[in-house]
Amino acid sequence: QVQLKESGPGLVKPSQTLSLTCTVSGDAITTDDYYWGWIRQSPGKGLEWMGAIGYSGSTYYNPSLDSRTSISRDTSKNQFTLQLSSVRLEDSAVYYCARGLDYGGEYDYWGQGTQVTVTS
């Protein structure tokens with residue numbers, strides 16, 4: 001059974017960098033054929049795939065966000081992280097980490113999500 005849990009700040013000021021960590025249990029993030037992604041949900045855009053890191057360490061990003069997005073991992077801790085720079089008000093959303101068989105496709109296991117609000 002795979003479990004994922006997001007952690008990080010709930011409030012971020014405009015122009016700062018948001019950093020979120022996903023801690024995975026039940027399976028290694030290096031397991032063949034799986035991808036580990038970040039998805040966010042906001043009232044205006046609904047679910048938006050942000051990017052993912054694959055089992056080999058390759059990264060994939062939503063073209064609309066790739067200039068501000070960086071995903072990395074720490075295999076010793078079985079964690080992967082999201083960094084979103086230069087945040088603005090529209091970045092306020094519930095952020096989820098999830099596992100999938102394709103970096104941009106369906107994700108079958110999700111974390112509970114964490115609310116992030118950009119405010120001054």
Side-chain angles (χ1 to χ4, degrees):
Q1 182 68 37
V2 179
Q3 293 183 319
L4 305 91
K5 185 175 178 61
E6 306 88 349
S7 61
L11 297 174
V12 187
K13 293 183 179 297
S15 81
Q16 292 187 332
T17 296
L18 169 67
S19 182
L20 297 174
T21 296
C22 183
T23 300
V24 180
S25 63
D27 199 9
I29 60 176
T30 54
T31 299
D32 286 5
D33 290 356
Y34 288 115
Y35 297 81
W36 307 89
W38 287 97
I39 305 99
R40 66 183 182 181
Q41 183 175 36
S42 64
K45 295 183 178 181
L47 289 173
E48 181 181 33
W49 176 77
M50 302 182 69
I53 187 164
Y55 56 92
S56 66
S58 298
T59 53
Y60 311 86
Y61 300 108
N62 185 328
S64 68
L65 296 168
D66 64 358
S67 65
R68 299 193 292 133
T69 306
S70 179
I71 298 173
S72 59
R73 67 180 183 175
D74 185 338
T75 57
S76 68
K77 297 180 180 179
N78 214 39
Q79 296 177 329
F80 62 104
T81 61
L82 169 73
Q83 292 189 321
L84 182 66
S85 64
S86 303
V87 299
R88 43 203 181 225
L89 294 181
E90 63 183 7
D91 291 320
S92 296
V94 177
Y95 285 74
Y96 299 90
C97 59
R99 186 198 78 171
L101 291 173
D102 193 3
Y103 61 84
E106 182 178 342
Y107 285 83
D108 53 359
Y109 288 92
W110 294 62
Q112 65 182 7
T114 184
Q115 174 68 241
V116 176
T117 301
V118 180
T119 180
S120 61

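Below, all heavy atoms of this structure are taken into account, side chains as well, without hydrogens, waters or symmetry copies. Predicted model, so just to flag it, every value in this text is computed and none were measured.
A donor-acceptor contact shorter than 3.5 Å links the side chain of Thr69 to the backbone of Leu65. Side-chain atoms of Ser92 come within 3.5 Å of backbone N or O of Val118 as a donor-acceptor pair. With hydrogens and angles ignored, the 3.5 Å screen pairs a side-chain donor or acceptor of Arg68 with a backbone N or O of Ser85.
Cluster membership check: Leu89 does not share its hydrophobic cluster with Val94, using side-chain heavy-atom separations under 4.5 Å among Ile, Leu, Val, Met, Phe, Trp and Tyr. Follow the hydrophobic side-chain contacts under 4.5 Å out from Leu82 and you never reach Leu47; the two are in separate clusters. If you chain together hydrophobic residues whose side chains sit under 4.5 Å apart, Val2 and Ile29 fall into the same group. Using a 4.5 Å cut-off between side-chain heavy atoms of Ile, Leu, Val, Met, Phe, Trp and Tyr, with links allowed through other members, Ile39 and Ile71 fall into different hydrophobic clusters. One hydrophobic cluster, built from ILVMFWY side chains closer than 4.5 Å, cannot hold both Val116 and Trp110; they sit in different ones.
Between Asp91 atom CG and Thr117 atom OG1 the span is 11.5 Å, to the nearest 0.5 Å. Of the inter-residue distances, the one linking Asn78 atom CG with Thr23 atom OG1 reads 8.5 Å to the nearest 0.5 angstrom. We find the CG-CG distance between Asp27 and Leu4 to be 9.5 Å, quoted to the nearest 0.5 Å. Rounding to the nearest 0.5 Å places OH of Tyr61 at 10.5 Å from CE of Met50. Between the OG atom of Ser67 and the CG atom of Asn62 there is a distance of 10.5 Å, given to the nearest 0.5 Å. Remark: Tyr95 OH to Glu48 CD distance equals 8.0 Å, nearest 0.5 Å.
Lys13 meets the side chain to side chain contact (heavy atoms under 4.5 Å, CB included) test with Gln16; sequence neighbours excluded.
More than 12 heavy atoms of other residues, nucleotides or ligands sit less than 6.0 Å from atom OH of Tyr107.
Of all heavy-atom pairs spanning Ser120 and Pro14, the tightest one is N-CD, 3.9 Å. Across every non-hydrogen atom of Ser19 and Pro9, the tightest pair is O-CD, 3.3 Å. Smallest separation of non-hydrogen atoms from Ala93 and Arg40: CB-CB, 4.0 Å.
Residue Trp38 is tested with Tyr60, Phe80, Trp49 for a ring pair (Phe, Tyr, Trp, His ring centres under 6.0 Å); the sole match is Phe80.
Defined by atom type and a distance below 3.5 Å, a donor-acceptor pair is missing between the side-chain atoms of Thr21 and Ser7.
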Item to check | Pair Thr31-Tyr55, side-chain contact (heavy atoms from CB on, under 4.5 Å): steps then yes or no | outcome: CA-CA 6 Å; Thr31 299; Tyr55 56 92; 5.7 Å; no
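Side-chain contact between Leu20 and Glu6 is absent, with no heavy-atom pair separated by less than 4.5 Å. Side-chain contact between Val24 and Arg73 is absent, with no heavy atoms from C-beta onward closer than 4.5 Å.
Sorted by first and then second residue, the disulfide (SG to SG under 2.5 Å) pairs involving residues 41-97 (not counting sequence neighbours) are Cys22-Cys97.
Remark: Arg99 is positioned above the aromatic ring of Tyr34, its terminal NZ or CZ atom under 6.0 angstrom from the ring centre and at most 45 degrees off the axis.
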